[in-house]
Amino acid sequence: MAAPSSQHTQIIEISGELPDTGRKICGEATCEFSDAGSISKDSEERSTAMRKLLIAVSLCVVFMAVEVVGGIKANSLAILTDAAHLLSDVAAFAISLFSIWAGGWEPNPRQSFGFFRIEILGALVSMQLIWLLAGILVYEAIARLIAGPQNVDGFLMFVVAAFGLVVNIIMALVLGHDHGHGHGHGHGHGHDHGHGHDHHGHSHGLSVSTSRDVKHTKDEHHHTHDDHTHHHDDEKHSKDEHHHTHEDHAHHHDHDHKDVTEPLLGESKAKSEKKRNINVHGAYLHVLGDSIQSVGVMIGGAIIWYKPEWKIVDLICTLIFSVIVLATTINMLRNILEVLMESTPREIDATQLQKGLLEMEDVVAVHELHIWAITVGKILLACHVKINPEADADIMLDKVIDYIKRVHNISHVTIQIER
Amino acid sequence: MTMEPIQTLNGDFGFTGNDRRFAFSRQASFQQPRTPISTDSTDLGLRKPFLSRTDSSIDIPPPGPHHHYWSGHDDKPSGSLERSNFSSFVLSVFRNIRSGHRYMKRLFFMISLNVAYSTVELLIGLFTGRVGLVSDAVHLTFGCGLLTFSLFVMGASRKKPDGDYTYGYKRLEVLSAFTNALFLLFMSFSLAVEALHAFIQDESEHKHYLNVSAVTNLFVNLIGVWFFRNYARINLAYRNAEDMNCHSVFLHVLTDSIRSAGLILASWLLSIGVENAEVLCLGLVSVAVFTLVLPLFRATGGILLQMAPPSIPTTAFSKCLRQISAREDILEVSQARFWELVPGHVVGSLSIQVKKGVDDRPILEFVHRLYHDFGVQDLTVQIDHAS
């Protein structure tokens, strides 16, 4: 591309800087994770998730109030216990809401990656709450068993549990219903923005640069990089304009939506399952677990109502259903654990990546390859690449970054080129 | 070829060897068996004693002629690259426990003691029909489950890094400490609820037969406190991964003993006629547990949140960045991010833009050495040449 367009680029860069100064300054470290592209996409996801959770919480509180009032009037411990379980639901939703909201906080020098991890920790806390509640339920069943032949009203147990079940099903529908929404929305945007935004990001915040020429040279670098990727995808070209002007951002999201999703449609289907916010998913599991346990209590209540001498059935039912509930959380716990252990995310094939890198010419060795996720869906990579001493480090750097971004879709990379 | 990973003990920042904030600060000649980071797995052997008097704070071997700080780690993923299945993992962990260091053995002993005790209590409770005993036994079993998890993690964290877990398994210790801290916070919350419950209800419900079990519980937990007495601080400066895990175990047994002591005290006060004794004691215990556990919770939470290492002050980082950008061939430094894998192991990444045509090797050396002095062992520096 000739000089005029680099002029063009330079001018837009400067004017684009001003609206963003509020957002990006975090001391010396510029924040890749808070660039405008992912902010709007993230905040969209975040606000939908928060809205869903808010609806669920208000429903829950209403039902809980109903149960508390009814329980006090009927003087029934069973109803009050169920109200306490609804309270635990509220607690889980509160944790999820907080995690989602806090995940949007701006990065600062202490938290250079932003607060995305709070989502994962919040999900972990709510999973542990589920386990704790399952344990408490089992304990209660044992206590009921020991307390001996009391006036355990099977019928009341049944009705209360049925009511709880209906409430939980309603909430599960509210939380789980996002099939149309998540589709295609996911990864196309975030990843294509990646590298362009990295360079864009350099001009924000307190960059310690020595001369005014820096901006100029950076833009050219930015530009040559786009040249590199130009012959790889045509959509890139339209994206160049698009990430310069922040105001049009939302617009271009929609415009490029179709362009990006068509070639990637195959992968996007698979990814849209994962794109449900992890905290909403956690709350959903919580509600699901409660429904399962309500079913268990209903069955126990029905059996005791039918044959009051089979008290032990209550305990057995509770145990079985608690185990089922715990089984539903295993998958999520495994995902959480993998992120927290900084392990290679499942969607990335590390061997393939390493092999691909080694196959590039002038690459001698690859070591210290670390791929990890800050939260589900946001992946980072760092590695040291040893190249031939005669090769041009800059070109090799660009090739490597391009390969990783194009083939494996990771845009937040740090590569150390060594000779 | 492989460079020994060096643990600098933060000499620059006022942590001298006799700092009481460290674990083991009372025992001058104690040798803590350290689990090594990468190579062989002998427990004893060539570990320097923690507080040797001639300990110099920065101990870096002089760089050889072509010594690069980064090229030592040739991390070939060991063995299989597919996810290892669970059973082989568990078996390897049990093998590790057998050959474990002293804290693992102590923990194992404590857990067996607890399990035995709670089974006895549960059986007695079931046979005599006392709900209080059963609830106590269940509570103890929860605690045991957590301690077993900690023990498991002590063994599992020794595994070498592999294809999927490129940073190894040391994070598990931080996770286990976090889980323990979370459970203790839940416990403090439930004690508060119990206090409220006792406040609303009549004191006559107090189960005096629980005293025997409380005394035994206290005794068992005090054994645990004695075993882990080296971690007897609230605000511990963590030096490595095991510190966090062991600290969380200590806090667990300590809070359990406080709880038992509180119950015994409440029972005694009730018997001499003090009003609302149970509420007071439970409330006090709840507050005590909360304050004891909060620092651990925040520290582990900070590591799991990828927070910048608390042991290195932000001024140090800014100083580094200024020093780097002060060099004449460097135009800009950006995206400097540091985080701790486990306490003591700092990982960082950094992006530098240099003038065109500048040789990047001396810059790499300089940056790596600079950060190495601060204790950042794993650093990835991306150098962009401005064109």
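Below, chain A is the first sequence line, B the second, and so on; all start at residue 1. Only heavy atoms go into these numbers, but all of them, side chains included; no hydrogens, no water, no symmetry mates.
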Begin with the C-alpha distance, continue with both residues' side-chain angles, and end with the deciding distance and a verdict on side chain to side chain contact (heavy atoms under 4.5 Å, CB included) for T380(B) and E368(A).
-> CA-CA 9 Å; T380(B) 309; E368(A) 294 266 357; 6.0 Å; no
Restricting to non-hydrogen atoms, name the atom on [X] and the atom on [Y] that form the minimum distance, rounded to 0.1 Å.
X       : Y       : value
T179(B) : Q128(A) : CG2-NE2, 2.8 Å
Q416(A) : V381(B) : OE1-N, 2.8 Å
A308(B) : P109(A) : CB-O, 4.0 Å
A393(A) : H385(B) : CB-NE2, 4.5 Å
L379(B) : H384(A) : O-NE2, 3.3 Å
L350(B) : T414(A) : O-CG2, 3.8 Å

Are D164(B) and R346(A) close enough, and set up right, to give a salt bridge (Lys or Arg N to Asp or Glu O under 4.0 Å), and what steps lead you there?
-> CA-CA 9 Å; D164(B) 283 320; R346(A) 277 172 187 264; over 6 Å; no
Does the side chain of [X] reach to within under 4.5 Å of the side chain of [Y], using non-hydrogen atoms?
X       : Y       : result
I371(A) : T166(B) : no
L124(A) : L175(B) : yes
E418(A) : D360(B) : no
M341(A) : Y167(B) : no
M307(B) : F113(A) : no
F178(B) : L340(A) : no
W339(B) : E342(A) : yes
Y139(A) : S135(B) : yes

Give, for atom CG of L397(A) and atom CD1 of I383(B), the distance between the pair rounded to the nearest 0.5 Å.
-> 9.5 Å
With a 4.5 angstrom heavy-atom cut-off, is it the side chain or the backbone of [X] that approaches chain B, or both, or neither?
X       : result
V125(A) : both
I417(A) : backbone
L132(A) : both
I118(A) : both

Can you name the salt bridge (charged side-chain N to carboxylate O under 4.0 Å, His left out) partners of E121(B), sequence neighbours left out?
-> none
Go through V174(B), L182(B), L126(B), V138(B) and name the one with the most non-hydrogen pairs under 4.5 angstrom from chain A.
->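 Top count of heavy-atom pairs under 4.5 Å with chain A: L182(B).
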Listed by residue number, which members of residues 298-306 of chain B have a heavy atom under 4.5 Å from any heavy atom of chain A?
-> G301(B), L304(B), L305(B), Q306(B)
Answer with side chain, backbone, both or neither: which region of F317(B) has an atom nearer than 4.5 Å to a non-hydrogen atom of chain A?
-> neither
